[in-house]
Amino acid sequence: MANMTPNKCPMPVQDPDVRNKNFEEVALGYTFEMAQGEAERCLNCKNSPCVSGCPVGVRIPEFIALIKQGDIEGAYAKIKETNALPAVCGRVCPQESQCESKCVRGIKGEPVGIGRLERFAADYCFGKGEAPAKAAPNGKKVAVVGAGPAGLTCAGSLAKLGYSVTVFEASHVAGGVLVYGIPQFRLPKEIVKAEIDALEAAGVEIKLNAVVGRAVTIDELLGGEYDAVFVGTGAGLPKFMGIEGEALNGVYSANEYLTRINLMKAYKEEYDTPIKRGGGSVAVVGGGNVAMDAARCAVRMGSEHVYIIYRRSEAEMPARVEEVHHAKEEGVEFKLLTNPVRVLDDGNGCVSGIECVEMELGEPDESGRRSPVEKKGSNFVIPVSAVIMALGTTPNPLIRSTTEGLETNRRGCIIVNEETMESSKPNVYAGGDAVTGAATVILAMGAGKKAAAAIHAKLTATL
Amino acid sequence: MHRIIKKQRLNANTVLMEVEAPLVAAKVKAGQFIMLRIDEYGERIPLTVADHNAEKQSITIIFQEVGATTKRLGEMNEGDALRDVVGPLGRPSELEGIKKAAVIGGGLGCAIAYPQAKALHEAGAKVDIIAGFRSVDIIILEDEMRAVCDNLYITTDDGSNGNKGFVTDELKKHIEEGAGYDAVIAIGPLPMMKFVSKLTREYGIKTIVSMNTVMIDGTGMCGGCRVTVGGEVKFACVDGPDFDGHLVDFDEAMRRNGFYKAEEKAAMEAHECRLGMGGK
C-alpha cells in the first residue's frame, strides 16, 4: 500500500541563522528511512507522466521502485542510464516545473519528491561506484567545446558509444556554470568534481585552459583529427542596464561576483582573489536564480543589508520558489516593483547608493508577464556600497566571430536544426545556452544528449 | 603545468620570464594576452605576451612586481612551474596598412609596445619607437627595441639619460618636424596614453591604445574589464585590448583600475608579513 501522506517528506536543512554565515550546503539530504518513506508515495503509474517532464527521460518510477526495495545502487544505476549527472540534477533541476509538475500525486497534495530521491540515490552511492567499463573504441573522434552541462553530457553519451571524445575547456576547471556560477551552498564543488572524474574514467579526455576560437578554431578541429564538433559554450556574456553610474567601483556583474566567490574561492582566507567583504549593504538587481545566488552569497560575505531589486512582483519572478524562500529565510530583503534608475557616486568614484523608482503592473507583454510601468515621481534612494547586476547573459561572441559559416540569430545564439542540433555548418552541432540563451542545466543536458544521438546517427551512417 | 625556462631581472622590480605554453606559442599575435595562475590558491592575472618562440613552444612575459601575485611570481625561478597559462586572448592588433608608425612605450608598457613594433617592422613599415622611463636605471629592452625600428628615442622624466622630457614632448617634436606618421600606437600607464591621445587628436593621427584592466576570466564573462569607448561599454578582453585612443574614457578607466586597491594593499602587507616570518 502506497504512503498516502499528502505532503512530501520535508528536506532537512541547515538552520537559516547558522547557514547565512557559512558556505556549507543548505539542504542536507534525505536519510535512508526518509527516502524509503518518500519512495512509498510513488504510485508507479503505468503511463509514467513524470518521465515526459524530464528533458533527459530519466526512468523515474523504475528508480523509485528500486529505492523502495532498498536497492539504492540499482536505483542509481537506473538513473545513470539516461542522466550523466544525477547528483547535480537532484540539486539544481527545477523539478517543480518538470517531472514533479506531471506527478499524479500533485493533483491532491504535493507531488513525489523526485529530485530529492534522485539526490539521495546519487549521494548514497557517492564514491562507492566502480569505474564504468570503457566502451570498445569505434575509431571516430569528436571534439566538444566547453565543459559545462551540455558539453559534458554530450561527451559522456558519445564515450559510452565508443567515440574518442576530447573536451576543450577555456577555464582552469571543468564544469562551466556548475563551478563558476552555482554557489557551494547549493551545489558542492566536490560533487561536480566526482561527476567529472567519472566521465574521465569512462574515457572522456578534458583539455583545460584551451580556448577554442583563439588557440584552435572549429575549422582546424574539423580539418584535423575530429569527425564532428559539438559547441556547448553557454551564455557567459553579462548584460548591464545602461544606466548612469554603472561603471562606478562597486558595481559588479553577477558573473564577476559569483566567479570570484565560486570559481576563485575568494570567500576562503587562503585564496588570493580579492572581493569586497563585510560592511555596507548590497543591492542585487534581477529576479532570477542567479540574482538569488548572488544575494545569498552577499549575505554570507557579511553584508549589512542585502536587497533584491526587481521591477515586477514576486509572482513574475523567474527564480525557483525554493530559492526565493531560502533567500528570505537567510535575511535577503525584497524590494519588488522597484527599478533602478541610476547608481550614485560617493564623490570618490565608488558606489554610495542606488536610486530607484516604484513600478506598477500594466498589461501582459509578449512573454505573457504583466509589464511593469514606472510611477512618475516615486524616486527614492537605497544606500548601498555595492550593486550586483543579475540581468541575464548572452552567448559569448568568440566562436561565432571565428567560425565561418556558423549562423547565429540576432541575439547571438547559434541556429540549429531542432531535431538533430546540427548547425548551419556541416558536422558542427550545438546545444545548451549557446543555442537557447540563458536557460537551465537540465535543458542543456537534454540538448547535449540529443546532439550525441544525432552525431552517432550521422557518423555511423558513413562508417 | 607550465615550466619557467628563463628568468631575467630587467631592473629593480621588472622581471622577464620565458614560460612553456605550447597552445599560446603556436597562435599568438602582437597585442594578445594570457591569463596565468601561479597555483591552486592564486588569482588569475592578465599579462600581455611580449614575445614567443614557436619552436621552443614558449612565450615571454614581462611584469612589474607591484601586487601580491606579481611579487610571488617574481620570487619564482627557472625550473619552477605555473599552474595555469591560458591564451592567446583578446583580438590581435590591427596593424595592416600602416606605413609609418610611432610606437610609444611608457615604462613597463615597452614590453607590450615591443611586439607591436616588431610586427610592424617585419611587415615592412617604417617604425619610430619612443620609450619613456622615470630614470636611466630602469630602462628595459633597449637592445630589443633598437633591433625592430628605424629610430629609437628614449626619454627620462628626470633627464638622467641625457634626454629629459615626456614621450609626448618627443612625439610632438617629430610630428612637428614632419615625420608623417599615419598611426601612433601608445602603450603604457593610463595617464600617458591619455595625453598621447590628446596630442594626436590635435594632429588627426589615428591612435591605438592597449587597455590593461582588472579581469578574472579574460574570455568575456566577468565584465570587470569594461571600458567606455565612444560612449559605448566595451569589454577589454574580447572587444580589445586595443581601442581607438581618441574614443576611450581614460578618466573612468583610471578610476576603475583602483577597484580593488584596498584589498590589494592588504594582500601586499600580508605577503610582506609572511616574508618577514621566513617565507610562505
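Model, not experiment: these values are computed from the prediction. Naming convention: chains lettered A, B, ... in sequence-line order (proteins, then strands); numbering from 1 in each chain.
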If one checks every heavy atom of A:Leu258 against chain B at 4.5 Å, the contacting part turns out to be neither

Assert top hit (heavy-atom pairs under 4.5 Å, partner chain B, pool A:Met264, A:Glu246, A:Met389) equals A:Met264

Are the side chains of B:Leu23 and A:Arg214 in touch, meaning some heavy atoms are under 4.5 Å apart? no

What do you reckon, is NZ of A:Lys141 surrounded by more than 12 foreign heavy atoms closer than 6.0 Å? yes

Rounded to the nearest 0.5 angstrom, the CG-CZ distance for A:Asp272 and B:Arg44 is 14.0 Å

Side-chain donor/acceptor pairs under 3.5 Å, residues 187-198 of chain B, sequence neighbours excluded:
from	atom 1	to	atom 2	distance (Å)
B:Lys194	NZ	B:Asp251	OD1	2.8
B:Ser197	OG	B:Met193	O	2.8
B:Ser197	OG	B:Gly245	O	3.4

Any A:Leu237 side-chain heavy atom under 4.5 Å of B:Met221 side chain: no

The interface call for A:Ala210 against chain B, heavy-atom contacts under 4.5 Å, is both

- Item | Heavy-atom side-chain contact between A:Val211 and B:Lys27 under 4.5 Å | no

When the 4.5 angstrom heavy-atom criterion is applied to B:Ile216 and chain A, the contacting part is side chain

Highest number of heavy-atom pairs under 4.5 Å with chain A among B:Met35, B:Arg83, B:Arg91 belongs to B:Arg91

How about A:Lys193: does its NZ atom have over 12 heavy atoms from other parts shown lying under 6.0 Å from it?
-> no

If you tally heavy-atom pairs under 4.5 Å between each of B:Val85, B:Thr228, B:Asp217 and chain A, the highest tally belongs to B:Val85

Show me the side-chain donor-acceptor pairs of residues 233-240 of chain B shorter than 3.5 Å, one per line, residues at least two apart or across chains.
from	atom 1	to	atom 2	distance (Å)
B:Asp239	OD2	B:Phe235	N	2.8

Among residues 173-182 of chain A, those lying within the under-4.5 Å heavy-atom range of chain B are A:Tyr180

Turns out that what part of B:Arg226 lies under 4.5 Å from chain A's heavy atoms comes down to side chain

Under 4.5 Å to a heavy atom of chain A? For B:Glu40 that would be both

Of the listed B:Gly224, B:Pro88, B:Gly218, B:Gly42, the one with the largest count of heavy-atom pairs under 4.5 Å with chain A is B:Pro88

Residue from A:Thr259, A:Asn255, A:Leu263 scoring the most non-hydrogen pairs under 4.5 Å with chain B is A:Asn255

Whatever's closer than 4.5 Å to a heavy atom in chain B on A:Leu398 counts as neither

Open item on the list: Side chains of B:Glu43 and A:Tyr271 only: does a donor on one sit below 3.5 Å from an acceptor on the other?
Closed with: no

Closest non-hydrogen contact found for B:Cys222 with A:Ser253 is O-OG, 2.6 Å

When every non-hydrogen atom of A:Asn396 is compared with those of B:Gly220, the smallest separation belongs to ND2-CA, 4.4 Å

Hits for side chain to side chain contact (heavy atoms under 4.5 Å, CB included) against A:Thr403, two or more places apart or cross-chain, chain-then-number order -> A:Ile218, A:Ile399, A:Leu406, A:Lys425

Turns out that what part of A:Glu169 lies under 4.5 Å from chain B's heavy atoms comes down to neither

Checked A:Gly213, A:Gly250, A:Ser171 vs chain B; the most non-hydrogen pairs under 4.5 Å come from A:Gly250

